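Only one structure is covered here, and it is reproduced in the block below.
When reading the values below, keep in mind they use all heavy atoms of this one structure, side chains included, and skip hydrogens, waters and symmetry mates. Given the structure is predicted, the values throughout are model-derived calculations rather than measurements. Reminder, nothing fancy here: chain letters follow the sequence lines and each chain counts from 1.
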2 protein chains.
Amino acid sequence: MLKAATIRDVAREAGVSIAVVSRAINPGSGPVAPETRDRVLAAIEKLDYRPRAAARELQAGATTTIALMVPDLINPFFSGIADAIVYEARSRGVHVMVLTTQEDPHLEAELVQTLRTRSVGALIVAPTDSGTNPFGRLVDLGIHVICVDRELDDSAGIDVVTIDNENSARTATQHLLQLGHERIAIITGPQHSSSARSRLVGFRGAMADAGVEVDEQLVRPIAYRGTLGSDAVGSLLALPHPPTALIVANGAQAFNSVRRVRQSGIGVPDDLSLVVFDDNPWTDVFSPALTVIRQPVKMMAMHSTQIAVSRLQGDRPPAPVRIELRAELVHRSSCRPLREPPVGGD
Amino acid sequence: MLKAATIRDVAREAGVSIAVVSRAINPGSGPVAPETRDRVLAAIEKLDYRPRAAARELQAGATTTIALMVPDLINPFFSGIADAIVYEARSRGVHVMVLTTQEDPHLEAELVQTLRTRSVGALIVAPTDSGTNPFGRLVDLGIHVICVDRELDDSAGIDVVTIDNENSARTATQHLLQLGHERIAIITGPQHSSSARSRLVGFRGAMADAGVEVDEQLVRPIAYRGTLGSDAVGSLLALPHPPTALIVANGAQAFNSVRRVRQSGIGVPDDLSLVVFDDNPWTDVFSPALTVIRQPVKMMAMHSTQIAVSRLQGDRPPAPVRIELRAELVHRSSCRPLREPPVGGD
DNA sequence: TTGTAGGCGTTATCAC
DNA sequence: GTGATAACGCCTACAA
């Protein structure tokens, strides 16, 4: 097992001082005679030298590592985000440390602590609980925090990249209302999550606009983790007066929910119209293909990475940014009019 | 923006030298009087001090960061592995840097270079090409490399955690043979991938054992990336004498392949029996539910993490480990006998 | 244009 | 038990 070459080895090999090597490595940091430079580069090549990131960090304070904190990577929504962020970051020479919180605020807080140890320059996070802000200390220390997908009630000094959840839910609801549905159920996320809350607001808004009263029995805020989606669907369908349409606004529970619908033998869209949040691949291969709200996952990832990277390069004014992207309703085959509309008419 | 407290600040606050603080932080590294210790701990608490990992690394050479390199995170197989590895690593106090290769050997090689810069203690990787080993230099430098899922032809000094691909494919093939199928098609991965190769070997083995000749037209090794799965299915089904059964042994193309089967209106399992590698959630919600080869994803992740962590803690003999796990055939509804077997009979 | 020296935050080796 | 002090590898004034 060899020992990695250091800047000193290179200097010796090239017959110069370490200062020259350093300058040769970091163009613009100082003058180096062209031919000296070539000699140094040759030495680097020969010794296969790579500067140690740890040493650089230590001396500069800066870093080219960011952290990404998501509930889990099994949820295709978050793995999609993670994939895009990792890819995007690499193209900018930044590495990504990935952490999973399991939707557990305690674990999240603990991870924030261990993060302080690492010198990451920024943190992109989909926070577990909007009510508390465990990231304040990071911000104080100059570690930039970017919320993605979900945001915090108190987000002082924190950037936000999210979708317009309220309007997305509104759109989905309006779609069903226009088809004549009034008994519309919604399975959403826990109300300590900003996105889940906004979606519910959008739902209620659309219902109110249409003058349709919301039956609170049909509103099901459930946890992201676990399999509660299945239970919620079960009890919804067992209602004496069951819903004719269902919006699954809890992406993490979409699969469980839909599977339960299918297992119960309810016809989609004949007996139940369905709109689901998050356009995961399987929604397209389900029978019938599901009408979904498609979130611009790549866009969210790109924006957050871009913010993170430029922040740690010291660009951008310190003012927090807020980016809200539009989601899209993708019509497929899981919704139909409650009653066939009269043909012709008058 | 505060500046993070250093060991010196703590020492001053506690009225001791930095050496004492260091010993207090790292129990066992030297003697500290109990009451001094308490004073130091109080100071740490008060200043909210966290030792900087970069400085530790620099001085010790060691590190508690490992890297994980997978083709992408969009493939549920790899996101499952990543999720489990990140989780498992955390529970051992290790952080994970995630990299994606996009199945591109050049990018892979480049990432290996940038990795040398970071002081990661180990690399868990699903390599893109089994023919070349871009990791040799890492091994030389004492960075432990663990191949997961796929392996290298020349894996000197490299640990391997994989499934028994050959037998998995053999099992799947035998299942179809027993149902009376002989025109069995297989869509597998590129032959520069060890797992794809082994699976094809298993397929041929089972066919040979049964005395059934392999129609080479029905053997389709295709790339992991892109949408070739769809094309392969299309041309398979367009054959004058199409297959009666299909094994999709290319997990990354399973979705595309199956979707194409469905689009072409072919009845499953009536017209075509189907076995698919990788038990992703959607295979269960597809109509009909798909018979799959289920890989022990969590197990693979746990083993590789365990090896990685113990390696970087210096445990374990230097001899490379090879762990081969068994995959499982999960019977669902996508396969049926070619001809109904005679009822009763004698 | 080049080299010397100091410091980044930590741990380890010594004396005391 | 405790405290200077020297590394670890790199960058950067500043002096030559």
Side-chain angles (χ1 to χ4, degrees), chain A residues 2-41 43-44 47-65 116-121 141-142 314, chain B residues 2-41 43-44 47-65 116-121 141-142 314:
Chain A
L2 292 59
K3 242 190 29 200
T6 76
I7 199 173
R8 239 170 292 270
D9 299 324
V10 176
R12 193 179 316 119
E13 175 73 25
V16 297
S17 77
I18 60 169
V20 175
V21 177
S22 177
R23 284 191 291 255
I25 297 174
N26 311 41
S29 65
V32 183
E35 53 182 50
T36 314
R37 224 182 76 86
D38 291 347
R39 246 193 7 263
V40 172
L41 262 30
I44 289 178
L47 299 180
D48 199 17
Y49 164 74
R50 297 285 181 289
R52 292 245 274 150
R56 285 185 147 162
E57 273 178 28
L58 183 56
Q59 112 81 28
T63 177
T64 57
T65 302
R116 300 227 343 252
T117 263
R118 314 285 163 156
S119 2
V120 300
L141 289 168
Chain B
L2 292 60
K3 243 186 38 195
T6 75
I7 198 172
R8 238 170 291 269
D9 300 323
V10 175
R12 194 179 314 120
E13 175 73 25
V16 297
S17 75
I18 59 169
V20 175
V21 177
S22 178
R23 281 192 292 252
I25 297 173
N26 311 45
S29 65
V32 183
E35 53 181 51
T36 314
R37 223 182 78 87
D38 292 346
R39 250 195 0 266
V40 171
L41 262 30
I44 289 179
L47 299 180
D48 198 17
Y49 163 76
R50 295 287 180 290
R52 294 246 275 150
R56 284 184 149 165
E57 273 178 27
L58 183 56
Q59 120 79 29
T63 179
T64 58
T65 303
R116 300 229 341 253
T117 264
R118 316 282 162 159
S119 2
V120 299
L141 290 168

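At D:dG9, none of the side-chain N or O atoms of A:Thr6 fall inside 4.0 Å of OP1 or OP2 (strictly under the cut-off). Remark: B:Thr36 is in phosphate contact with D:dT2, judged by side-chain N or O atoms under 4.0 Å from OP1 or OP2.
Counting to the nearest Å, the P atom of C:dG9 and the CZ atom of A:Arg118 are 18 Å from each other. In this structure, the CZ atom of A:Arg12 is 11 Å from the P atom of D:dG9, given to the nearest Å. Following rounding to the nearest Å, B:Ile25 (CD1) and C:dT11 (C1') show an atom-to-atom distance of 10 Å. C:dT2 atom P lies 15 Å from atom CD1 of A:Ile7, rounded to whole Å. We find that CD of A:Gln59 is positioned 11 Å from C1' of C:dG6, with the value rounded to whole Å. Atom CD1 of B:Ile18 and atom P of C:dA12 are 12 Å apart (whole Å). Straight-line distance from the CZ atom of B:Arg116 to the P atom of D:dG9: 14 Å, rounded to whole Å. One atom, CG of A:Leu58, and another, P of C:dG6, lie 18 Å apart when rounded to the nearest Å.
The OG atom of A:Ser29 sits 7.0 Å away from the CZ atom of A:Arg23 when rounded to the nearest 0.5 Å. In this structure, the separation between CZ on B:Arg52 and OG1 on A:Thr117 is 10.0 Å, given to the nearest 0.5 Å.
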Are B:Arg116 and B:Leu141 close enough, and set up right, to give a side-chain contact (heavy atoms from CB on, under 4.5 Å), and what steps lead you there?
-> CA-CA 9 Å; B:Arg116 300 229 341 253; B:Leu141 290 168; 3.2 Å; yes

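In this structure a side-chain-to-backbone donor-acceptor pair under 3.5 Å is missing from B:Arg12 to B:Ile7.
Against DNA chain D, the stretch residues 47-56 of chain B makes no heavy-atom approach under 4.0 Å.
Residues A:Val32 and A:Val40 form no side-chain contact, since every pair of their non-hydrogen atoms from C-beta on lies 4.5 Å or further apart. Annotation: side chain of B:Thr64 is in contact with side chain of A:Arg118 (closest heavy-atom distance under 4.5 Å).
Residue contacts shown for A:Ser22 include a base, since a base heavy atom lies under 4.0 Å away.
A residue-by-residue look at B:Ala5 and A:Val20 shows that A:Val20 has its nearest nucleotide of DNA chain C further toward the 5' end.
Nearest to the side chain of B:Arg23, among C:dT13, D:dG1, C:dG9, sits C:dT13. The listed nucleotides are C:dT4, C:dG9, D:dG3; the one nearest the side chain of B:Ala19 is D:dG3. Taking only side-chain atoms of A:Ser29, from C-beta outward, the nucleotide of C:dT11, C:dG3, D:dT12 with the closest atom is D:dT12.
When the options A:Leu47, A:Ile44, A:Ile18, A:Val21 are evaluated for a side chain to side chain contact (heavy atoms under 4.5 Å, CB included) with A:Asp9, the one that passes is A:Leu47.
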